[in-house]
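First the structure, in the form of structure tokens, and then the observations on it.
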Amino acid sequence: QVQLVESGGGLVQAGGSLRLSCTTSGSTLSGYAMGWFRQAPGKEREFVAAITKSKPLTYYAGSVKGRFTISRDYTKNTMDLQMNSLKPEDTAVYYCAARHGESYYVIETDYYYWGQGTQVTVSS
């Protein structure tokens, strides 16, 4: 069982930046493909970005491509999401997710393990 914990959410003005981090205790994230999803009020959870277990390769939703960067630090056992040029429509609870596998995964049901989420609010 992998318990994921997100951090780094908060309130920021439009055009600003935030960096989210996901980690776990008692295990290593290096054995998992990982991703970020988000859920805005009244909407379904949606894919944001994904990263493979090794190499690593990345993939982004069109709405965040060029603004967000997903990365992982094997020495720190973290997976991060750098969010730049934030917009009010980026406001949501952001979740990190993990699963075994060699590829990247963009569908919510592909993932086995989830964090509790961290709130990101972008004011206009």
Side-chain angles (χ1 to χ4, degrees):
Q1 186 76 8
V2 178
Q3 293 183 327
L4 303 174
V5 179
E6 303 96 338
S7 62
L11 174 64
V12 64
Q13 289 188 331
S17 299
L18 280 175
R19 188 176 184 89
L20 305 183
S21 187
C22 177
T23 190
T24 184
S25 59
S27 61
T28 175
L29 295 179
S30 62
Y32 298 89
M34 301 192 70
W36 286 98
F37 288 74
R38 66 186 182 187
Q39 187 168 20
K43 295 187 177 181
E44 294 185 350
R45 190 152 55 181
E46 65 175 4
F47 168 76
V48 175
I51 190 165
T52 54
K53 179 175 70 173
S54 58
K55 297 184 185 181
L57 300 176
T58 59
Y59 187 80
Y60 298 91
S63 59
V64 307
K65 194 172 184 178
R67 300 188 298 123
F68 291 10
T69 302
I70 188 172
S71 62
R72 56 195 313 164
D73 189 323
Y74 296 100
T75 60
K76 295 182 179 179
N77 198 34
T78 62
M79 190 269 295
D80 297 332
L81 185 69
Q82 177 66 43
M83 305 185 295
N84 298 330
S85 302
L86 283 161
K87 305 174 182 179
E89 50 264 44
D90 294 318
T91 295
V93 177
Y94 283 71
Y95 299 89
C96 70
R99 62 155 288 159
H100 294 289
E102 300 300 322
S103 183
Y104 52 74
Y105 304 88
V106 303
I107 300 175
E108 182 178 352
T109 52
D110 283 338
Y111 287 89
Y112 309 150
Y113 308 108
W114 292 84
Q116 81 289 348
T118 185
Q119 177 70 47
V120 171
T121 303
V122 185
S123 62
S124 57

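Sequential numbering from 1 along the given sequence is applied to the chain's residues. Excluded from the calculations below are hydrogen atoms, water molecules and symmetry mates; all remaining heavy atoms, backbone and side chain alike, are included.
Here disulfide (SG to SG under 2.5 Å) pairs that include residues 29-74, with residues two or more places apart or in two chains, number zero. Counting only residues at least two apart or on different chains, no salt bridge (Lys or Arg N to Asp or Glu O under 4.0 Å) pair has a member in residues 115-124. Applying the disulfide (SG to SG under 2.5 Å) rule to pairs touching residues 25-55 yields nothing, sequence neighbours excluded. Note on residues 73-99: no pairs pass ring pair (Phe, Tyr, Trp, His ring centres under 6.0 Å), not counting sequence neighbours. Evaluation of the disulfide (SG to SG under 2.5 Å) test over residues 94-124, restricted to residues two or more places apart or in two chains, returns Cys22-Cys96.
With values rounded to the nearest 0.5 angstrom, Leu20 atom CG is found 9.0 Å from Met79 atom CE. In this structure, CG in Asn77 is found 9.5 Å from OG in Ser25, a value given to the nearest 0.5 Å.
Here the side chains of Arg38 and Leu81 are not in contact, with every heavy-atom distance at 4.5 Å or above. With a 4.5 Å cut-off on side-chain heavy atoms, Trp114 and Arg45 count as touching. Considering only heavy atoms from C-beta on, Asp110 comes within 4.5 Å of Arg99 through its side chain. In this structure, the side chains of Leu4 and Leu29 come closer than 4.5 Å at one or more pairs of heavy atoms. Annotation: side chain of Val122 is not in contact with side chain of Lys87 (no heavy-atom distance under 4.5 Å). The shortest side-chain heavy-atom distance between Phe37 and Tyr111 falls under the 4.5 Å cut-off.
Partners of Arg67 under the salt bridge (charged side-chain N to carboxylate O under 4.0 Å, His left out) rule, at least two apart in sequence or in another chain, are Asp90. Take Arg19 and apply the side chain to side chain donor-acceptor pair (under 3.5 Å) test, not counting sequence neighbours, and it matches Asp80, Gln82. For Ser30, the side chain to side chain donor-acceptor pair (under 3.5 Å) test picks out Thr28, with sequence neighbours left out. Taking Glu89 as the reference, nothing meets the side chain to side chain donor-acceptor pair (under 3.5 Å) condition, with sequence neighbours excluded. Qualifying side chain to side chain donor-acceptor pair (under 3.5 Å) partners for Ser71, counting only residues two or more places apart in sequence or in other chains: none.
The number of heavy atoms from other shown groups lying within 6.0 Å of CD (Gln116) is above 12. Atom OH of Tyr113 is surrounded by more than 12 heavy atoms from other residues, nucleotides or ligands within 6.0 Å.
Its side chain outside the 4.5 Å cluster rule for every partner, Val5 clusters with none of the Ile, Leu, Val, Met, Phe, Trp and Tyr residues.
Under the 30°/60° scheme for interplanar angles, the aromatic rings of Tyr112 and His100 are found to be tilted.
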Evaluate side-chain contact (heavy atoms from CB on, under 4.5 Å) for Gln119 paired with Leu11, printing each intermediate quantity in order. CA-CA 8 Å; Gln119 177 70 47; Leu11 174 64; over 6 Å; no

Residues Ile70, Tyr60; criterion side-chain contact (heavy atoms from CB on, under 4.5 Å); working and verdict: CA-CA 8 Å; Ile70 188 172; Tyr60 298 91; 3.4 Å; yes

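When all heavy atoms are compared, the tightest approach of Ala33 to Ser103 is CB-O, 3.4 Å. The minimum heavy-atom distance linking Phe47 with Tyr105 is given by the pair CE1-O, 3.8 Å. Looking at every heavy atom in both residues, Val2 comes nearest to Tyr32 through CG2-OH, 2.9 Å. Across all their heavy atoms, Ser85 and Ser17 have their closest contact at N-OG, 4.4 Å.
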List the atom pairs, donor and acceptor, that lie under 3.5 Å between side-chain atoms in residues 48-57 and the rest of the protein, sequence neighbours left out.
{"residue": "Thr52", "atom": "OG1", "partner": "Ser54", "partner atom": "O", "Å": "2.8"}
{"residue": "Thr52", "atom": "OG1", "partner": "Leu57", "partner atom": "N", "Å": "2.6"}
{"residue": "Thr52", "atom": "OG1", "partner": "Leu57", "partner atom": "O", "Å": "3.4"}
{"residue": "Lys53", "atom": "NZ", "partner": "Glu102", "partner atom": "OE2", "Å": "2.7"}

